[in-house]
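First comes the structure, then the notes that go with it.
Every heavy atom of this structure was used, including side-chain atoms; hydrogens, water molecules and symmetry mates were not. Order of the sequence lines sets the chain letters (A, B, ...), proteins ahead of strands, with each chain counted from 1.
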Number of protein chains: 2
Amino acid sequence: MPSFGLTIAETARALGLSTDALRYYERDGLLLRAVPRSTSGHRRYEPQDLRWIELVTKLRSTGMPIRDVRRYAELVRAGEGNETARLELLHAHRRQVLADLAQVTAHLSAIDHKIGIYEDKLEGRSLSA
Amino acid sequence: MPSFGLTIAETARALGLSTDALRYYERDGLLLRAVPRSTSGHRRYEPQDLRWIELVTKLRSTGMPIRDVRRYAELVRAGEGNETARLELLHAHRRQVLADLAQVTAHLSAIDHKIGIYEDKLEGRSLSA
DNA sequence: GTCAGCCCTGGAGCGCACTCCAGGTCAAAC
DNA sequence: GTTTGACCTGGAGTGCGCTCCAGGGCTGAC
């Protein structure tokens, strides 16, 4: 009889991660708790674990370093009372993401300009390189 | 009497790179040509070198891997006739950047939502975690 | 002529974020 | 009862993109 919860492989598939990454996150302190185990010692991810890891992937994929995710997890693990610190960490990340987005957008438009030049060239309306 | 062109330190400052990165890019085939040297063997970056390296930094900072920048440089070095290939490389990169932007934007809004929750909490209008 | 400062080369080293592996356990399937 | 397959652990290895270093050369200021 299975304990409840998803196996590590199911969780990995559901979240688009590798099983190695899931184990790595746990070892590295990015999770809120040690993932519960079945009687045979296999991890069984519960909905709350899934939800947290999903947030972790969002922080990661917006460029937050592992070390900052860990700091955030530590704050949440520490329990209520440090909401201001959590908020500040998220705000700082938000500012960083917005700055990155602005830079990438600006540089993309320069690249678009380059693309336009090649397209003109290939249509025979040749301009400069 | 100085040869014309900027020294590696000046170039690094102007472009926001390190001198090591500039030498690395050259060694790794990301540039269009070997940077010209003064009589004493020091690099002297000319405007055309600056312009190209600036494009390289834009490609890099929008997430293009070194290897693809090198491929693009190779195409440009090969001379006219492969504009279609260059265009395709840039288009592929553009698609990737747009996809990344969309993902980051979507994930950012989830983070914003989280921020909103903490702000409500701190104002006493407590909701869920 | 010696000292400082900037540059050179080749090659080793580093931080990040995983990824891979060996050697082993356990449970269900045959 | 043995084979299969998913999982376990600790630790080594990998790819990327630089970054640092040792050992040395040139040049201009003093």
Side-chain angles (χ1 to χ4, degrees), chain A residues 1-31 34-46 49 53 55-73 93 96 100 104 107, chain B residues 1-31 34-46 49 53 55-73 93 96 100 104 107:
Chain A
M1 64 233 35
S3 331
F4 290 107
L6 301 185
T7 66
I8 193 169
E10 288 162 349
T11 304
R13 232 174 297 125
L15 298 178
L17 294 169
S18 67
T19 57
D20 277 315
L22 283 171
R23 282 186 282 253
Y24 166 65
Y25 284 176
E26 186 173 347
R27 246 188 300 173
D28 230 48
L30 271 59
L31 305 192
V35 176
R37 305 297 178 110
S38 69
T39 53
S40 53
H42 292 193
R43 290 173 179 79
R44 286 301 142 96
Y45 292 81
E46 296 179 7
D49 301 305
I53 298 168
L55 174 59
V56 169
T57 63
K58 280 170 181 154
L59 293 173
R60 289 286 306 118
S61 78
T62 49
M64 185 183 284
I66 292 282
R67 142 182 32 92
D68 292 359
V69 178
R70 182 168 45 234
R71 272 206 12 81
Y72 184 59
H93 179 55
Q96 183 63 56
D100 291 351
V104 168
H107 288 174
Chain B
M1 65 233 30
S3 332
F4 289 106
L6 301 183
T7 66
I8 194 168
E10 288 163 348
T11 303
R13 232 173 297 125
L15 298 177
L17 294 170
S18 67
T19 57
D20 276 315
L22 283 170
R23 281 187 283 253
Y24 166 66
Y25 284 176
E26 186 173 347
R27 245 188 301 173
D28 230 48
L30 271 59
L31 305 192
V35 176
R37 305 298 179 110
S38 69
T39 53
S40 53
H42 293 192
R43 290 173 180 79
R44 287 301 142 96
Y45 292 80
E46 295 180 7
D49 300 306
I53 298 168
L55 174 60
V56 169
T57 63
K58 280 171 182 155
L59 294 172
R60 290 286 305 119
S61 79
T62 50
M64 184 182 285
I66 290 281
R67 140 182 33 92
D68 293 358
V69 177
R70 182 168 46 234
R71 272 204 14 80
Y72 183 58
H93 179 55
Q96 183 63 55
D100 292 350
V104 169
H107 288 175

Distance-minimising heavy-atom pair for [X] and [Y]:
{"X": "Ala12(A)", "Y": "Ser18(A)", "answer": "CB-C, 4.0 Å"}
{"X": "Val104(A)", "Y": "Ser61(B)", "answer": "CG2-O, 3.8 Å"}
{"X": "Arg60(A)", "Y": "Pro65(A)", "answer": "NH1-CA, 4.0 Å"}
{"X": "Gly29(B)", "Y": "Ala73(B)", "answer": "O-CB, 3.8 Å"}
{"X": "Arg44(A)", "Y": "Gly5(A)", "answer": "CD-O, 3.7 Å"}
{"X": "Thr11(A)", "Y": "Leu6(A)", "answer": "OG1-CB, 3.5 Å"}

Provide a list of protein-nucleic acid N or O atom pairs under 3.5 angstrom, restricted to nucleotides 2-8 of chain C.
from	atom 1	to	atom 2	distance (Å)
dC7(C)	OP1	Thr7(B)	OG1	3.2
dC7(C)	OP1	Ala9(B)	N	3.4
dC7(C)	O4'	His42(B)	ND1	3.4
dC8(C)	OP1	Arg43(B)	N	2.8
dC8(C)	OP1	Arg43(B)	NH1	2.8
dC8(C)	OP2	Arg23(B)	NH1	2.5
dC8(C)	OP2	Arg43(B)	NH1	3.4
dC8(C)	O3'	Arg37(B)	NH1	3.4

Rounded to the nearest Å, what distance is computed from the [atom1] atom of residue [X] to the [atom2] atom of nucleotide [N]?
{"X": "Asp68(B)", "N": "dC16(D)", "atom1": "CG", "atom2": "C1'", "result": "13 Å"}
{"X": "Asp28(A)", "N": "dT9(D)", "atom1": "CG", "atom2": "C1'", "result": "16 Å"}
{"X": "Asp20(A)", "N": "dC18(C)", "atom1": "CG", "atom2": "P", "result": "11 Å"}
{"X": "Arg70(B)", "N": "dC18(D)", "atom1": "CZ", "atom2": "P", "result": "12 Å"}

Is the number of heavy atoms from other residues, nucleotides or ligands under 6.0 Å of Arg71(B) CZ greater than 12? no
Would you say Tyr24(A) reaches dC20(C)'s phosphate, i.e. side-chain N/O to OP1/OP2 under 4.0 Å? no
Counting only side-chain nitrogens and oxygens, does Tyr25(A) get under 4.0 Å of the OP1 or OP2 atom of dC18(C)? yes
Euclidean distance, Tyr25(A) OH relative to Asp20(A) CG, rounded to 0.5 Å: 11.5 Å
Using modelled atom types and a 3.5 Å cut-off, is there a donor and acceptor pairing between side-chain atoms of Glu26(A) and backbone atoms of Val35(A)? yes
Expected output: side-chain Arg43(B) to main-chain Thr7(B) donor-acceptor under 3.5 Å: no
Filtered N/O pairs between nucleotides 12-14 of chain C and protein, under 3.5 Å:
none

Nucleic acid contacts of residues 58-67 of chain B, taken as heavy-atom distances under 4.0 Å to DNA chain D: Arg60(B), Pro65(B), Ile66(B), Arg67(B)
Could you check whether Thr62(B) and His107(A), counting side-chain N and O atoms only, form a donor-acceptor pair closer than 3.5 Å? no
